[in-house]
Each structure stands twice: as C-alpha cells, then as structure tokens.
Amino acid sequence: MPVTVIKNADWVIAWQAPPGRHVYMRGVDVAFDGNTITHVGKNYAGPADSTVDGGKRMVMPGLVNLHSHPEHEPAYRGVREEHGLPNMYMSGLFERSQAFYATDDEFRAASAEFAYCELLKSGVTTLIDISPAWNGWADLLAKSGLRAFLAPGYASGRWKLENDFELKYNWDEQAGKERFEAALKLIDAALQHPCGRLSGVVSPMQIDTCTADLLRASRAAAQDRKLPFTVHIAQGVSEVMEMLRRHGKTPIQWAAEVGLLGPGTILGHAIFLDSHSWVRWWTKSDLKLIANNGCTVAHCPTPFVRYGQILENFGDYLRAGVNMGIGTDTTPHNMLEEMRKAAILARVAARDINTVSTADMLHAATVGGANAVMRQDLGRLAPGMKADLVLVDLEVTDMAPARDPLRSLVYHAAERAVREVYVDGRQVVADFKVLTLNQADAAGRLAEAQARMLAAVRQRDYKGRSADDIVPLSLPLLC
Ligand SMILES: [Zn+2]
C-alpha cells in the first residue's frame with residue numbers, strides 16, 4: 001500500500017496509551033501505510049511514496065459524530081432556529097416534524113450532500129447518520145469518503161398534534177415491524193458495500209414512539225450483529241410526562257426495565273433526566289442507570305439551546321461515569337462549534353468553570369465517539385489506528401496566536417482552519433474544499449427542495465397554516 005508521511009508537523013495531538021489520553025507532540029512525523037497509521041514520533045526513517053510538509057500544521061484525529069439527520073436538517077435553515085411551542089415546554093420538534101418534512105429522494109440527496117460537506121469541512125471523519133431509508137443513501141455516503149454508520153430510522157407510531165399543548169400518537173405496529181426488517185437489510189447491505197467504510201446502527205427512532213417489543217427486538221438485532229443501538233430519549237419534557245403517564249417511570253427507567261441499557265447503547269440527547277430542573281421528578285436515579293449500564297450519551301447542544309434548554313450538566317455526566325460523545329443533530333453540522341457550545345453550556349449549567357475542560361471535549365468528540373461505535377481503532381493518532389486525520393492550518397489568521405492550537409481551534413477558528421482531511425488514508429478535503437462532493441451544486445438543489453417542503457406545509461399542519469404563519473420571517477418584509 002502507498003505510504004504517506006506528514007513530515008515534521010509543528011503540532012500533533014497524539015494518543016498516549018497508557019494512561020489513555022490525548023497529548024501534544026511537537027516537531028514529529030506521522031506516517032500511514034494505506035489506511036493504517038504506522039508511525040507517530042520523531043525522525044521517521046521508513047519508505048515514503050508521498051510526503052506532506054507538516055510545518056504550520058497541527059495534525060489531529062478525525063472527529064466522530066454520534067448523532068445527525070443529514071437527509072432533512074439543512075432544509076430547515078431559516079425555519080427551525082426560533083421555532084418552538086411554549087406549551088410543549090418550548091420544543092418545536094413535534095409541530096415541525098408534522099408540518100415540515102422531506103418530500104422526495106431528490107430532496108434527501110441534496111440535503112445529505114450539503115450536510116456531508118459541512119461535516120467534512122469541520123473535521124468529521126466518522127458519522128452516525130440517522131435517517132429514514134432513501135434510495136441512493138449508501139452510495140452517496142460511499143462517494144463522500146466519510147466513514148459512516150447508516151442508522152435507518154423506524155417506529156411503531158408517530159407524534160400527532162391537534163393543538164399546541166397535547167402530544168398525541170398515531171400507532172401502526174405492523175408498519176413499524178416491516179420498517180425494522182427493512183432497516184436490518186439495509187444495514188447488512190451497507191456492511192457489504194465495496195467501499196469498506198460503511199456500517200450500521202440499529203435505530204428505533206424514539207423511546208415514546210416504539211413498542212417495548214420493537215425496542216427489545218431492535219436491541220437484540222444490534223447485539224447479534226455486534227453493532228451499536230441508538231434511540232432518541234429524554235429529549236423533551238412532553239415525552240417525559242407521557243412516559244410517566246404510561247408507565248409511572250421516566251424514559252430512562254422504562255428503557256432499563258425493557259432491557260435497552262448496556263454497552264453499545266447510544267442514548268440520543270438524554271437531557272431531561274429526573275434530576276433536570278425542568279423535570280424535577282423525585283426518583284433521582286436516571287444518571288446512575290445510564291452510567292452503571294455502560295451507555296453512551298450523544299450530546300448535541302445546538303437544537304436544545306435554541307429552545308432555551310441545556311444538559312445539566314456534561315461534567316456531572318462524566319463524573320458519574322457516562323461515556324460522553326458529541327453529535328450535530330441539526331445544521332450547521334459543525335462539530336467544532338458543538339464542542340465549544342458543549343463546554344460553555346456545561347459551565348453555565350454548573351456555575352463552575354472547572355466542570356469540564358477542552359481536553360474533555362476533544363476526548364468526547366474522538367475517543368468517546370469511537371468507543372460508542374465499538375471501534376478501538378478510531379479517534380486516536382497512534383500506530384495501528386485508522387488513518388482518519390485532520391490537518392489544521394496554523395497560519396490561518398483566526399488561529400493566531402496559536403500558543404495552544406486546540407483552544408485556538410475550538411474557541412476561535414473552528415472550521416475556518418480545517419485545511420486538509422484524510423479518511424481511511426484517502427484525502428477528502430484539500431485547501432478547505434471537499435474533493436468528493438459538490439456543496440455549491442447541492443445548495444442549489446437544496447433551495448428547490450426547501451421550496452417544495454414549504455409548499456406542502458398547509459396539507460400537513462394541524463391548523464392548515466402556511467409555513468410563514470408557523471414561522472414568520474425574522475424581520476417584516478416591507479416590499
Ligand atoms: Zn436526533
């Protein structure tokens with residue numbers, strides 16, 4: 001296999017095991033043979049088919065994104081940023097997913113291509129893509145160059161609103177079972193995809209829209225395949241209230257009773273635990289259940305903070321022993337901005353600057369994610385690991401002065417300094433541009449797709465309103 005050497009990198013974020021932590025190194029070489037890292041250290045003396053000048057670069061591990069919905073989120077630009085229902089504890093999720101939706105596979109392809117470009121440009125090399133199955137999905141992911149886990153979503157029911165204060169459900173258990181079987185087939189096909197970078201996550205959509213039987217069968221199917229399992233859980237106070245009404249248990253407690261919690265389980269969001277100030281339920285056992293069962297939490301701050309909601313708090317979850325990972329959930333799919341928000345919001349929630357560190361955020365966005373998808377060969381720069389690398393340009397003005405380049409990247413420059421990205425040893429971003437996809441072309445198709453979505457809103461909304469009625473523009477349109 002061809003050997004690439006990044007020679008004399010100014011800074012490298014390398015993996016030191018033991019004790020199992022990221023560390024800085026300076027003036028070292030990083031070599032990879034095909035898709036595998038073979039050397040991180042001084043004075044590489046082996047063969048090299050190509051050499052990259054590492055001066056003015058920081059080489060770091062690619063980021064692992066545990067939660068995203070590329071097939072529709074970019075089409076929500078200008079729609080979802082300030083949309084929420086006060087009577088639904090501020091969440092806009094239930095109203096929006098009823099009124100605004102992906103209309104067709106061309107919509108999904110445009111939205112996903114746009115999102116994959118955002119992801120690569122912010123240093124994501126591994127992605128969990130939670131989407132309803134659509135034609136062309138696996139091939140587009142393969143083309144993107146990303147390392148990807150397809151998580152085809154399905155459920156036994158859907159949310160149904162008839163007003164702005166009561167969360168109701170439309171159930172169709174048989175359809176849920178059929179979509180579950182189809183999802184497994186899609187995952188099994190992804191594992192066989194010739195690109196060799198695709199895998200799957202078994203993904204019943206929400207804890208409150210799936211029957212116990214469907215959830216149990218889903219977790220068993222994931223364990224049979226030695227694949228991760230994920231479900232949205234504790235993502236809204238309305239959901240918590242519904243589960244207390246149905247079962248006398250919080251969503252987390254009911255998930256434990258059904259047998260969903262354990263290693264390999266990734267809990268999407270898990271914000272509204274019984275300890276959260278918006279829930280204030282008496283049991284105070286949710287966090288321990290998550291930690292003691294070895295689960296991961298996929299934390300995505302942006303969609304929640306737009307409603308005024310925050311996790312309480314990231315540092316407490318870490319200290320309880322939860323494997324924390326980070327995802328983007330909505331657009332922009334910018335993992336570096338999510339790391340920054342996660343750090344700052346944890347400190348706001350805790351009223352404590354020391355509750356989390358920048359190192360904690362990097363760990364969550366790399367090793368935490370890799371552990372969640374059960375891949376010990378990802379998220380770390382060390383010999384034997386996969387060659388998933390991000391090269392940060394230290395000469396970008398937003399990085400200056402780069403005394404501590406990780407802080408410059410997370411708190412200041414973000415994706416503006418991500419110059420080159422390699423996945424599986426293959427370069428997919430060069431000179432800040434994605435080589436594998438065309439974001440500008442996708443943006444044009446995305447605008448047309450959004451217009452189709454907005455035109456369909458009146459037929460879906462529970463009051464027959466238009467998109468502009470539900471989400472007015474941010475400023476009055478004078479002429
Ligand atoms: Zn989600």
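For ligands, and for the atoms within them, numbers begin at 1 and follow the listed sequence.
Among the atoms of H69, an N, O or S atom is found under 2.8 Å from the Zn ion (ligand 1). Within the coordination shell of the Zn ion (ligand 1), defined by N, O or S atoms under 2.8 Å, H232 is present.
Counting heavy-atom neighbours within 6.0 Å of E337 CD, excluding the residue itself, gives a total above 12.
When you scan the N, O or S atoms of D329 for the one nearest the Zn ion (ligand 1), you land on OD1.
In this structure, R460 forms a cation-pi arrangement with Y101, its terminal cationic atom sitting closer than 6.0 Å to the ring centre and no more than 45° off the ring axis.
For the pair K143 and E113, the salt-bridge criterion is not met [side-chain N within less than 4.0 Å of a carboxylate O].
Looking only at atom types and distance, the side chain of H22 has a donor-acceptor partner in the side chain of T366 under 3.5 Å away.
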